[in-house]
Amino acid sequence: VQLQASGGGLVQPGGSLRLSCAASGRIFSFNVMGWYRQAPGKQRELVATMTRGGSTGYADSVKGRFTISRDNPKNTVYLQMNSLKPEDTAVYYCNAAGGGVYWGQGTQVTVSS
């Protein structure tokens, strides 16, 4: 299984970005898919998850601003990020669990004026 994350970039505070995670396999086969992030000098932390059944969960720091979604025919999971803050700056990784744990390569998100 390969996960390819994309969509990162430089954005001003208050702006938006949409991250994509394209999987080589059927995403419906995974029990859970999610997004994590790691800021410089900090541990990797959970941002958002979606179960096979469609239940979602979010870190308190992103609730109401970030939305995880998926497109099963495209085998892609998205993270829509709105009202971005400088503290959202990090490398974002997609993750899939089911028959193993898989990680994408990460995409850099920088929120700065």
Side-chain angles (χ1 to χ4, degrees):
V1 174
Q2 292 185 334
L3 303 175
Q4 182 73 36
S6 61
L10 173 64
V11 63
Q12 293 186 341
S16 298
L17 282 175
R18 189 177 79 158
L19 306 183
S20 299
C21 176
S24 60
R26 293 195 308 165
I27 61 173
F28 197 72
S29 68
F30 299 121
N31 295 325
V32 181
M33 293 196 73
W35 289 94
Y36 289 71
R37 68 185 180 187
Q38 187 167 18
K42 296 188 176 181
Q43 290 187 332
R44 190 172 297 188
E45 63 175 357
L46 177 66
V47 176
T49 59
M50 176 176 277
T51 68
R52 182 188 301 173
S55 297
T56 59
Y58 298 92
D60 288 343
S61 59
V62 307
K63 281 181 181 176
R65 299 189 298 122
F66 291 11
T67 303
I68 187 170
S69 63
R70 70 187 182 205
D71 186 330
N72 288 340
K74 293 184 178 180
N75 291 317
T76 301
V77 174
Y78 303 99
L79 185 68
Q80 177 66 44
M81 306 186 294
N82 300 327
S83 302
L84 283 160
K85 304 175 181 180
E87 51 263 43
D88 295 317
T89 295
V91 178
Y92 284 70
Y93 299 88
C94 60
N95 167 276
V101 179
Y102 309 96
W103 292 94
Q105 86 286 6
T107 184
Q108 175 71 47
V109 172
T110 302
V111 185
S112 175
S113 55

Item to check | Within-4.5 Å side-chain heavy-atom neighbours: Arg37 and Ser61 | outcome: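 The answer is yes, as the side chains (C-beta and beyond) meet within the 4.5 Å cut-off.
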Quick check on the hydrophobic clustering: are [X] and [Y] connected, directly or via other members, by side-chain heavy-atom contacts under 4.5 Å?
| X | Y | result |
| --- | --- | --- |
| Val91 | Tyr102 | no |
| Met50 | Tyr78 | no |
| Val101 | Val32 | no |
| Tyr93 | Val47 | no |

If you look at every heavy atom in [X] and [Y], which pair is closest and at what distance?
| X | Y | value |
| --- | --- | --- |
| Leu3 | Cys94 | CB-SG, 3.7 Å |
| Gly8 | Val109 | CA-CG2, 4.1 Å |
| Asn95 | Ala97 | OD1-N, 4.2 Å |
| Ala23 | Phe30 | CB-CE1, 4.3 Å |
| Ala39 | Ala90 | N-CB, 3.8 Å |
| Thr107 | Ala5 | CG2-CB, 4.3 Å |

Checklist entry - Looking at Ile68, Val77, Thr51, Thr76, which one forms a side chain to side chain contact (heavy atoms under 4.5 Å, CB included) with Met33? => result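 Of all the options given, the one that passes is Val77.
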Checklist entry - Aromatic rings Tyr36 and Trp103: how do their planes relate, parallel, tilted or perpendicular, breaks at 30° and 60°? => result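 It falls in the perpendicular class, over 60°.
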Next on the checklist: What verdict does the side-chain contact (heavy atoms from CB on, under 4.5 Å) test give for Ser112 and Leu10, after you've listed the backbone C-alpha separation in whole Å, the side-chain angles of each residue and the deciding distance to 0.1 Å?
Outcome noted: CA-CA 7 Å; Ser112 175; Leu10 173 64; 4.2 Å; yes
Next on the checklist: Set out, in order, the CA-CA distance, both residues' side-chain angles and the distance that settles side-chain contact (heavy atoms from CB on, under 4.5 Å) for Phe66 and Trp35, then state yes or no.
Outcome noted: CA-CA 11 Å; Phe66 291 11; Trp35 289 94; over 6 Å; no
[atom1]-[atom2] distance between [X] and [Y], expressed to the nearest 0.5 angstrom:
| X | Y | atom1 | atom2 | value |
| --- | --- | --- | --- | --- |
| Tyr58 | Leu46 | OH | CG | 11.0 Å |
| Asn75 | Gln4 | CG | CD | 14.0 Å |
| Gln43 | Gln38 | CD | CD | 8.5 Å |

Next on the checklist: Can you tell me if Glu87 has over 12 outside heavy atoms packed within less than 6.0 Å of its CD?
Outcome noted: yes
Next on the checklist: Is it the case that atom CD in Gln105 sees more than 12 heavy atoms from other parts of the structure closer than 6.0 Å?
Outcome noted: yes
Next on the checklist: Donor-acceptor pair, distance only, cut-off 3.5 Å: does the side chain of Arg52 make one with the backbone of Ser29?
Outcome noted: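 Present.
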Item to check | Main-chain N/O of Val111 paired with Thr89 side-chain donor or acceptor, under 3.5 Å | outcome: yes
Next on the checklist: For Lys85, is there an ion pair with Asp88 - N to carboxylate O distance below 4.0 angstrom?
Outcome noted: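 Result for this pair is no, no salt bridge flagged.
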